[in-house]
2 protein chains.
Amino acid sequence: MADTTPTTGHRGPDHRATVRDVARRAGVSPGTVSKALNGTGQISSATRERIRSAAAELDFRPNALARSVFGRRSFTVGVITTDSFERFSVPVMLGAEDALGAGRMSVFLCDSRGDPIRERHYVEVLLERRVDGFIVTGRSSNQRPPLAGTGDLPVVYALTPSADQQDCSVVVDDRTSGTLAGEHLLRLGRRQIAHVTGPDDFDAVHQRLAGLRTALQAGDATLVGAPMFGGWTEAWGRQATQILLRAHPEIDAVHYGSDLLARGGIDALRDLGRRIPEDVAITGTDNWELLTEGARPPLTSVDMGLAEVGRTAAHRLLDAIDGRPHAGREQVGCHLVVRASTDGTA
Amino acid sequence: MADTTPTTGHRGPDHRATVRDVARRAGVSPGTVSKALNGTGQISSATRERIRSAAAELDFRPNALARSVFGRRSFTVGVITTDSFERFSVPVMLGAEDALGAGRMSVFLCDSRGDPIRERHYVEVLLERRVDGFIVTGRSSNQRPPLAGTGDLPVVYALTPSADQQDCSVVVDDRTSGTLAGEHLLRLGRRQIAHVTGPDDFDAVHQRLAGLRTALQAGDATLVGAPMFGGWTEAWGRQATQILLRAHPEIDAVHYGSDLLARGGIDALRDLGRRIPEDVAITGTDNWELLTEGARPPLTSVDMGLAEVGRTAAHRLLDAIDGRPHAGREQVGCHLVVRASTDGTA
DNA sequence: ATGAAAGCGCTAACAC
DNA sequence: GTGTTAGCGCTTTCAT
């Protein structure tokens, strides 16, 4: 019977070479090909080389699917965001993908848009794809219900922690962010420090405020006026700043719970004729460069380390997949980036 | 020999039920389970129901990997971004994931960070995972070299088109964005219109400018002063605006090539004591709500339809996977979002 | 309508 | 060292 396989080994445009094709071409058995290409078992370097070149000539690419059916791992993880990739979860996902890719893992991207039905659906789909684990990320520091239906697969929560304290969650250090800002302002000699921040129902808002207060107390100072809770908008940043400075003209520094709020604050202070930082020093939170660099003057801000949250979450997940689970919440450090809004020489 | 399988069918925490388990429990053969669950073949509704409940009781989840090994599709696609998920590729990816998820496809997320080595690596990995196709997205409208090494798999370029005109690319309509802004400003009665935009080496910059000029010519107007090419920064928006208004105090409108530039422009105009929109009307490009809504006054801007680019790219890819390939570049429409920076009553 | 058997591409045990 | 065999979980003829 004629061999229908041409010598090139190519069998039409949409056929891919298999171990069998490579084996035939190298004159060995499929099992040997597997060993040679994976470095398992004992193979003479002569045949290994022959197999290598046969594989190369056929443009052979091992089928990861088939491989995973056999093995117990797929080397994939699902990343579920509830945040529609708004600015907070993006850096987290980026960091996670970075760390996971280095570990030869691929990432399934899922956007649940905060809808539990969609989230449930994605879990189902990912389970069918036999992911090795999940990373769940959200928008705020407020805790969320644990991801349901994942069986015994490891789950790591990033940015938005699980309500179950035993689950592995990697979060930012909101408290310290406030402390860093406060300490910085005190170090500059400011004593009349106010705070403008986001909505009352954000955990991050209260943590940041608590951290700020801690720093002020340690420096024998107290917050000027009440903390200004409101929306995460520039408009609120402007309005709150006007209110504050009207009531407390002695204010010489304001710490803002976000960079957007701080941008509004800068606008308002300019309108009021206050110089930054000579009259009033300004600090923001998030260190979102797009906003901080373009500000007049450029804005000192606390970098929450979002990418690091993603990377750390990925490492915790990899550990869990390798049988070394982590439990509880872990905080990633934040750091202050000083710019001209507090340091005129910067 | 004793049957070691307990009647519950569960075989330890990390064992997952297979068709065989379901078959045993329902008292049928594996093949029948497959047919029943997939709706193929002829099954009596009685046994179908029995199989269904057996599957449910065992929490059976078909292994998508095994299924794909057999079939010719994996129902996965790779999305490669060169943009580190900066603000342009994010909405595109979001739109793509949305459209693909509806088609029961899962998305592998890959961030090449613009590094050709990494890109190549990702292509390899994704080929091994037997993706059904690729979406490539980038940061700008500048074309890029075709994705190499994808064999005969379909590739769709989103936002950043392929240099090969025959490849399927889905892009924004930069030209029309300029036209829309120009027409809007003319309609408001403005005649002294200037333009501040990004670097000279961006295709988008030239297209947007050309579109703007088209509109002005149609309205028997011409651009005031030279187009101001510079960085995509607020600082350039401020500086360029100052230069323009010093040289041409008669300017009654400025169209900006990005919202960030426009924000800078607004600041500069305020410094110069010009009222917006009474003295000078302002339009931006991108309609990035974070920047447009917080501006004083809120900024009229052209929405480039990035999510729609992603969704369209996904649909083109799905078509190609289904054997109906598209070729050439396709533009997605943009639209103007009017706010108070051009319409004082908005 | 259901079962038996073969096979997808790969790997791992065990021969030789 | 290398080949043979069996099997991963699923689907799909082909019998019955």
Side-chain angles (χ1 to χ4, degrees), chain A residues 5 9 11-12 14-52 54-55 58-76 127-132, chain B residues 5 9 11-12 14-52 54-55 58-76 127-132:
Chain A
T5 308
R11 302 199 243 150
D14 47 336
H15 189 277
R16 302 170 128 93
T18 74
V19 271
R20 239 186 303 278
D21 300 323
V22 177
R24 198 176 315 149
R25 183 164 245 260
V28 294
S29 76
T32 309
V33 171
S34 173
K35 290 170 203 155
L37 263 29
N38 293 313
T40 51
Q42 319 266 48
I43 303 283
S44 77
S45 52
T47 39
R48 161 165 294 131
E49 214 27 67
R50 199 147 38 86
I51 290 173
R52 272 205 205 302
L58 293 178
D59 199 28
F60 169 72
R61 245 173 275 276
N63 185 328
L65 272 39
R67 191 178 265 173
S68 299
V69 170
F70 192 90
R72 65 190 299 89
R73 291 182 53 178
S74 67
F75 291 91
T76 59
L127 285 177
E128 293 189 357
R129 299 210 183 273
R130 295 300 189 261
V131 293
D132 297 331
Chain B
T5 308
R11 304 199 242 150
D14 49 337
H15 189 279
R16 303 170 127 91
T18 72
V19 271
R20 241 186 303 278
D21 300 322
V22 177
R24 198 175 317 147
R25 183 165 245 261
V28 295
S29 76
T32 309
V33 171
S34 173
K35 289 169 204 154
L37 262 31
N38 294 312
T40 51
Q42 320 266 50
I43 303 283
S44 77
S45 52
T47 40
R48 161 166 295 130
E49 214 28 65
R50 199 148 37 87
I51 290 172
R52 272 205 206 302
L58 293 178
D59 200 26
F60 169 73
R61 245 172 276 275
N63 185 327
L65 272 39
R67 190 177 266 173
S68 298
V69 170
F70 193 90
R72 64 191 297 93
R73 289 183 56 177
S74 68
F75 292 92
T76 60
L127 285 177
E128 293 189 356
R129 297 207 185 275
R130 296 299 189 262
V131 293
D132 297 331

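Sequence lines set the chain letters: A, B, ... in the order given, protein chains first and strands last, and positions in each chain run from 1.
Between A/V131 and A/R73, every side-chain heavy-atom pair lies at or beyond the 4.5 Å cut-off. Counting only heavy atoms from C-beta outward, the side chains of B/V22 and B/V19 never approach each other to under 4.5 Å. Side chains of A/R61 and B/R130 form a contact here, defined as non-hydrogen atoms less than 4.5 Å apart. Taking the side chain as every heavy atom from C-beta outward, B/F75 and A/R129 approach each other to under 4.5 Å. Under the 4.5 Å side-chain criterion, counting only non-hydrogen atoms from C-beta, A/T32 is in contact with A/I43.
Taking atom CZ of residue A/F75 and atom P of nucleotide C/dC10, one finds them 16 Å apart after rounding to whole Å. One can place CD1 of B/I51 at 9 Å from C1' of C/dT2, the figure rounded to the nearest angstrom. Atom CD of B/Q42 and atom P of D/dC14 are 16 Å apart (whole Å). When rounded to the nearest whole Å, the span between CD1 of A/I43 and C1' of D/dG3 equals 10 Å.
With rounding to the nearest 0.5 angstrom, the CG atom of A/D132 is 7.5 Å from the OG atom of A/S68.
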Heavy atoms under 4.0 Å is the rule here; annotate nucleotides 5-12 of chain D 5' to 3' with B where the base is hit, S where only the sugar-phosphate is, and - elsewhere. --BBBBBB
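Using five terminal pairs a side, the axes of the helix from C/dA1-D/dT16 to C/dC16-D/dG1 at its two ends make an angle of 40°, given in steps of 10 degrees.
The heavy-atom pair separating A/R50 from A/V28 by the smallest distance is NH1-CG1, 4.2 Å.
Residue B/T47 is classed as a sugar-phosphate contact, given heavy-atom separations below 4.0 Å to backbone atoms only.
No side-chain donor-acceptor contact under 3.5 Å links B/N38 to the backbone of B/T40.
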